[in-house]
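Written below as structure tokens is the structure these notes are about.
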Number of protein chains: 2
Amino acid sequence: MTTQIKNSTKTELAVEFGRSMNELRTHTRQQIQLKIKEHGINITFEMLEVMGCLWRKDGINQQEIANLTLRDKSGMTYLLDNLVKRKLVKRVEDANDRRNKMIYLTKDGHELREQLNPWVAEVYEMASEGVDVHNLQNGMLLLSEMINNLKKG
Amino acid sequence: MTTQIKNSTKTELAVEFGRSMNELRTHTRQQIQLKIKEHGINITFEMLEVMGCLWRKDGINQQEIANLTLRDKSGMTYLLDNLVKRKLVKRVEDANDRRNKMIYLTKDGHELREQLNPWVAEVYEMASEGVDVHNLQNGMLLLSEMINNLKKG
DNA sequence: TCAAATTAGTTTGGTATTTAACTATCAAGT
DNA sequence: ACTTGATAGTTAAATACCAAACTAATTTGA
């Protein structure tokens with residue numbers, strides 16, 4: 001009986017936790033889109049996530065980007081079409097494995113990094129202002145634990 | 001100099017934290033959609049979030065639901081159209097304030113709750129299995145702190 | 001009392017996401 | 001070599017999301 005009550009409370013807490021995560025993501029997204037807009041750049045939050053992958057490592061295929069950004073590969077086709085239109089990346093067929101299309105940053109794509117990175121960092125700095133690093137690390141552990149729980153099931 | 005390094009590390013940690021949050025949400029969503037599919041119910045995760053609001057409190061207007069689910073009100077029009085089509089809710093014009101359209105659960109909408117709630121709870125129980133309640137509570141505090149930081153800015 | 005500001009909801013246009021079916025290419029094992 | 005299976009990418013259809021412009025109803029305040 002006691003454990004039932006405890007379990008239900010914990011479950012409700014987990015639901016609330018999910019809600020708060022969503023709220024934090026929404027606010028982060030809004031702040032970043034605000035920065036993007038303030039500087040008159042024609043790019044979305046989602047595209048920025050893709051660019052972030054390429055700024056870390058240029059020249060990866062679409063599937064890899066889909067894995068890194070937790071998206072379906074079919075969505076990548078569309079998202080990359082839009083990035084190609086904006087001349088921020090280019091598709092190059094891989095000669096070694098012709099199934100792959102390697103994505104490379106263009107000159108504009110490289111330049112955008114210098115322009116955007118400071119503003120994006122600002123948002124995350126704002127979010128974590130006054131937060132103890134250890135709390136953040138514990139939070140990461142908590143998330144990993146829960147992610148692993150769901151991966152098992 | 002030292003604080004700069006520390007700050008940049010913390011910022012990167014915050015970015016990683018954001019990534020992990022996204023990953024957890026993706027997995028949670030997938031697990032719940034799996035349950036929905038297993039039981040052959042014609043509803044999406046997003047619709048379920050709306051239904052969750054109504055199960056807590058029946059008879060609220062669209063704007064209120066939009067606030068609770070952290071969505072734009074324009075998206076609510078569309079989402080509720082789909083829920084009305086599925087006969088899970090109904091729109092009722094508010095006589096007191098004719099701008100409002102109050103949303104009420106139908107009989108089917110009420111019944112769905114009994115059917116779905118146990119499965120949804122299962123997913124969150126799975127996610128929080130073996131997790132210390134105090135860690136979860138600390139996680140909530142961390143999220144609230146970060147959300148408030150962004151709200152200020 | 002009446003103009004101005006506010007609020008709820010809709011529409012539109014552009015973007016994003018997922019599932020499923022499909023093509024093309026490569027890899028492994030017989 | 002050939003079949004089988006896996007992998008990368010595309011397409012189509014349905015759903016979802018957000019911003020901006022719009023309508024209709026209400027509230028405010030001089």
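Throughout, protein chains are lettered first and strands after them, A, B, ... in sequence-line order, and every chain is numbered starting at 1. Computed from heavy atoms alone, side chains included, the values below leave out hydrogens, waters and symmetry copies. Nothing here was measured: the structure is a model prediction, and the numbers come from that model.
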First and last nt of DNA chain D near chain B, cut-off under 4.0 Å to heavy atoms, 5' to 3', are D:dT15 to D:dT26
Residues at least two apart in sequence or cross-chain that pass side-chain hydrogen bond (donor to acceptor under 3.5 Å, both in side chains) with A:D108, listed by chain then number, are none
message: Whether the side chain of A:N149 engages the backbone of B:A127 through a donor-acceptor N/O pair (distance < 3.5 Å, no angle test) should be reported.
response: yes
By side-chain hydrogen bond (donor to acceptor under 3.5 Å, both in side chains), B:D81 pairs with (sequence neighbours left out) B:R91
Item checked: Validation row: B:V50, B:I103 side chains within 4.5 angstrom (heavy atoms) -> no
Contacts satisfying ring pair (Phe, Tyr, Trp, His ring centres under 6.0 Å) that involve residues 119-146 of chain A (not counting sequence neighbours) are A:H39-A:W119
Residue set satisfying side-chain hydrogen bond (donor to acceptor under 3.5 Å, both in side chains) with A:R98, at least two apart, ordered chain then number -> none
message = Is it the case that the side chains of B:N67 and B:Q63 hold a donor-acceptor pair, with the cut-off being a distance below 3.5 Å and no angle test?
response = yes
In short, ring pair (Phe, Tyr, Trp, His ring centres under 6.0 Å) pairs touching residues 72-110 of chain A with sequence neighbours left out are none
Hits for side-chain hydrogen bond (donor to acceptor under 3.5 Å, both in side chains) against A:Q137, two or more places apart or cross-chain, chain-then-number order -> none
Distance col, row A:Q62:CD vs A:L79:CG, nearest 0.5 angstrom, shows 10.0 Å
Atom CG of A:N100 and atom C1' of C:dT23 are separated, to the nearest Å, by 15 Å
B:E49 with A:R19: basic N within carboxylate O range, under 4.0 Å: no
* To do: May I ask you to decide whether A:K151 forms a salt bridge with B:E23, counting only side-chain N to carboxylate O separations under 4.0 Å?
  => yes
Students should find that the end-to-end axis angle of the helix from C:dT1-D:dA30 to C:dT30-D:dA1, with five pairs defining each axis and rounding to 10 degrees, is 30°
Ordered by number, residues from residues 35-66 of chain A within less than 4.0 Å of DNA chain D (heavy atoms) are A:K37, A:N61, A:Q62, A:Q63
| request: Under the side chain to side chain contact (heavy atoms under 4.5 Å, CB included) rule, what do B:Q33 and B:R29 come out as? Steps first, then yes or no, please. | output: CA-CA 6 Å; B:Q33 278 181 330; B:R29 182 203 176 89; 3.9 Å; yes
Residue pair A:Q30/A:K101 against DNA chain D: nearer the 5' end by closest nucleotide is A:K101
Output a table of donor-acceptor pairs, distance under 3.5 Å, between side-chain atoms of residues 82-90 of chain A and any protein atom two or more places apart or on a different chain; print 'none' if there are none.
{"residue": "A:N82", "atom": "OD1", "partner": "A:K85", "partner atom": "NZ", "Å": "3.4"}
{"residue": "A:R86", "atom": "NE", "partner": "A:N42", "partner atom": "O", "Å": "2.9"}
{"residue": "A:R86", "atom": "NH1", "partner": "A:N82", "partner atom": "O", "Å": "3.4"}
{"residue": "A:R86", "atom": "NH2", "partner": "A:N42", "partner atom": "OD1", "Å": "3.3"}

Under a 4.0 Å heavy-atom cutoff, the residues of residues 69-91 of chain B touching DNA chain D are B:R71, B:D72, B:S74, B:Y78, B:L79, B:N82, B:R86
Kindly give the atom pairs (protein nitrogen or oxygen, nucleotide nitrogen or oxygen) under 3.5 Å for nucleotides 26-28 of chain C.
{"residue": "C:dC26", "atom": "OP1", "partner": "A:R98", "partner atom": "N", "Å": "2.9"}

inquiry  = Any salt bridge linking A:E64 with A:K73? Criterion: basic side-chain nitrogen under 4.0 Å from a carboxylate oxygen.
reply    = no
